[in-house]
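Each chain gets a letter, A, B and so on, in the order its sequence line appears, and its residues count up from 1.
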2 protein chains.
Amino acid sequence: MPDTIAASHRLDISAPHRELLDQVLDKWSLQVLNELCEAPARFSELRRAIPAVTQKSLTATLRRLERNGIVDRIVLRTRPLAIEYRITPLGKTLRPPIDELLAWADTHMPAIERARVRFDEEAEGEDVT
Amino acid sequence: MPDTIAASHRLDISAPHRELLDQVLDKWSLQVLNELCEAPARFSELRRAIPAVTQKSLTATLRRLERNGIVDRIVLRTRPLAIEYRITPLGKTLRPPIDELLAWADTHMPAIERARVRFDEEAEGEDVT
DNA sequence: CGGTATCCTATGAGATACTG
DNA sequence: CAGTATCTCATAGGATACCG
């Protein structure tokens, strides 16, 4: 295995970091985490709570989160059998950083919208010069 | 215009938020931001600094960041002409949340590795039961 | 140097059908 | 209910060739 390329004084954004963030910050993870931080939920409850997700994607998301120790999959020996998903303590530690990120998005959204409009307008006039 | 669906006491992870984070936290943005937070850089410097990125992906990343007001593309009227990319003030505000996320990844990486091993081992023995 | 244009393939994700 | 298994299509991203 290759060690880190250089002892950079900057942030080291190594492959494992990126891979990890990709698994945790993907399209549906945030919503799922959001639901499970509230309360444990069953598969069908999650589907109802997040209508846009398909069965397949929800399954994939839950498996990924489970594999990374972010959620637990509990088999309830009720009748006829039920599965419950719960956030783990490790999963809970994700909240503060995620919240900060969402707060950033919230705060700067207007500035970003403006930047986009400007950019798109400039691109318009570009080739007519 | 529809207001937020429900006055949820939970985090609202709306489409614009997700879209924004997708644009900013994509595969290469973190590395690029990391470089540009240090100092302005030319296209070829970025390629050297991030060897794994292809020309196409780097171009796409820079355009996206530029459109969102995170970086500036400066045309230097030197000889024979040079392009410089710089982080914007808006771009700099991204650092704290990103740092927190990376710190989280760093802190909890060992626990996550362990969770993965456990999960994969359990999956092994599963069908041999 | 700093890209754009094109082709091609791998992956992600929706729809659908079926199972314990 | 809680999935798995396919099929299919759209997109992301790499390789390559070329341009101002």
Side-chain angles (χ1 to χ4, degrees), chain A residues 15 18-19 21-32 35-36 40-68 71-86 119 122-124 126-129, chain B residues 15 18-32 35-36 40-68 71-86 119 122-123 126-129:
Chain A
R18 270 239 48 90
E19 192 210 341
L21 294 182
D22 280 349
Q23 304 225 338
V24 156
L25 288 181
D26 82 340
K27 193 173 180 185
W28 302 113
S29 296
L30 285 186
Q31 279 98 316
V32 170
E35 293 302 322
L36 295 185
R42 316 243 321 247
F43 191 85
S44 46
E45 291 175 326
L46 289 174
R47 289 201 71 187
R48 271 191 296 280
I50 313 168
V53 75
T54 62
Q55 219 168 31
K56 182 183 173 182
S57 301
L58 181 54
T59 302
T61 300
L62 287 170
R63 281 294 165 285
R64 196 169 30 244
L65 292 177
E66 191 191 353
R67 186 170 111 89
N68 286 279
V71 310
D72 270 341
R73 180 179 182 274
I74 313 286
V75 180
L76 301 171
R77 309 227 5 116
T78 57
R79 202 217 60 88
L81 241 251
I83 313 282
E84 192 176 86
Y85 291 94
R86 297 189 322 188
F119 183 92
E122 278 168 18
E124 276 298 302
E126 210 92 307
D127 45 7
V128 199
T129 317
Chain B
R18 270 239 49 90
E19 192 209 341
L20 177 52
L21 294 181
D22 280 350
Q23 303 225 339
V24 155
L25 288 180
D26 82 340
K27 191 171 181 185
W28 302 111
S29 296
L30 285 186
Q31 277 98 318
V32 170
E35 293 302 321
L36 296 184
R42 315 243 320 248
F43 191 85
S44 45
E45 291 174 326
L46 290 173
R47 287 201 74 188
R48 271 191 296 279
I50 313 169
V53 76
T54 61
Q55 217 168 35
K56 183 183 173 182
S57 301
L58 181 54
T59 303
T61 300
L62 287 169
R63 281 295 165 284
R64 193 168 34 241
L65 292 177
E66 190 191 354
R67 188 170 110 89
N68 286 279
V71 310
D72 269 342
R73 180 178 181 276
I74 313 287
V75 179
L76 301 172
R77 310 228 2 120
T78 57
R79 201 217 62 87
L81 244 246
I83 314 284
E84 193 176 85
Y85 291 94
R86 297 189 321 188
F119 183 92
E122 278 167 17
E126 210 93 307
D127 44 6
V128 199
T129 318

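- Among the atoms of the strands shown, only primed sugar atoms or phosphate atoms (P, OP1, OP2) are found under 4.0 Å from some heavy atom of A/Arg73.
- With distances taken from any side-chain atom of B/Ser44 to the nucleotides C/dC1, C/dC7, D/dA2, the minimum falls on C/dC1.
- The interatomic distance linking B/Leu46 (CG) with C/dG2 (P) rounds to 10 Å, in whole Å.
- Between B/Tyr85 and C/dG3 there is a side-chain N or O to OP1 or OP2 distance below 4.0 Å.
- Set against D/dG3, D/dA15, C/dT4, the side chain of B/Arg63 has C/dT4 as its closest nucleotide.
- Distance, B/Glu84 CD to C/dG2 P: 10 Å, rounded to whole Å.
- Remark: A/Arg63 engages A/Glu66 in a salt bridge, criterion side-chain N to carboxylate O under 4.0 Å.
- Across A/Val75 and A/Leu81, no two heavy atoms sit closer than the pair CG1-CD1, 3.9 Å.
- Here the P atom of nucleotide C/dA13 and the CH2 atom of A/Trp28 are 9 Å apart, to the nearest Å.
- Under the 3.5 Å distance criterion, the side-chain polar atoms of A/Asp26 are left unmatched by any main-chain donor or acceptor of A/Asp22.
- Considering every non-hydrogen atom in both A/Leu58 and A/Arg47, the closest pair reads CD2-CG, 3.5 Å.
- Projected onto DNA chain C by closest heavy-atom contact, A/Gln55 and B/Phe43 fall at different nucleotides, the more 5' of which corresponds to B/Phe43.
- Nearest nucleotide to the B/Ser57 side chain, out of D/dT6, D/dG3, D/dG13: D/dG13.
- Atom P of nucleotide C/dA13 and atom CG of A/Asp22 are separated by 11 Å, given to the nearest angstrom.
- Following rounding to the nearest Å, B/Leu58 (CG) and D/dA15 (C1') show an atom-to-atom distance of 16 Å.
- At D/dA17, none of the side-chain N or O atoms of B/Lys56 fall inside 4.0 Å of OP1 or OP2 (strictly under the cut-off).
- For A/Arg47 and D/dA2, the shortest distance from a side-chain N or O to OP1 or OP2 is not below 4.0 Å.
- Straight-line distance from the CD1 atom of B/Ile74 to the P atom of C/dG3: 12 Å, rounded to whole Å.
- For A/Asp26 and C/dG12, the CG to P distance is 10 Å, given to the nearest whole Å.
- B/Arg42 has no side-chain polar atom (N or O) that falls below the 4.0 Å cut-off from OP1 or OP2 of C/dC1.
- Between the side chain of B/Thr59 and the backbone N or O of B/Gln55, at least one donor-acceptor pair lies under 3.5 Å.
- The distance from atom NZ of A/Lys27 to atom P of C/dT11 is 19 Å, rounded to the nearest whole Å.
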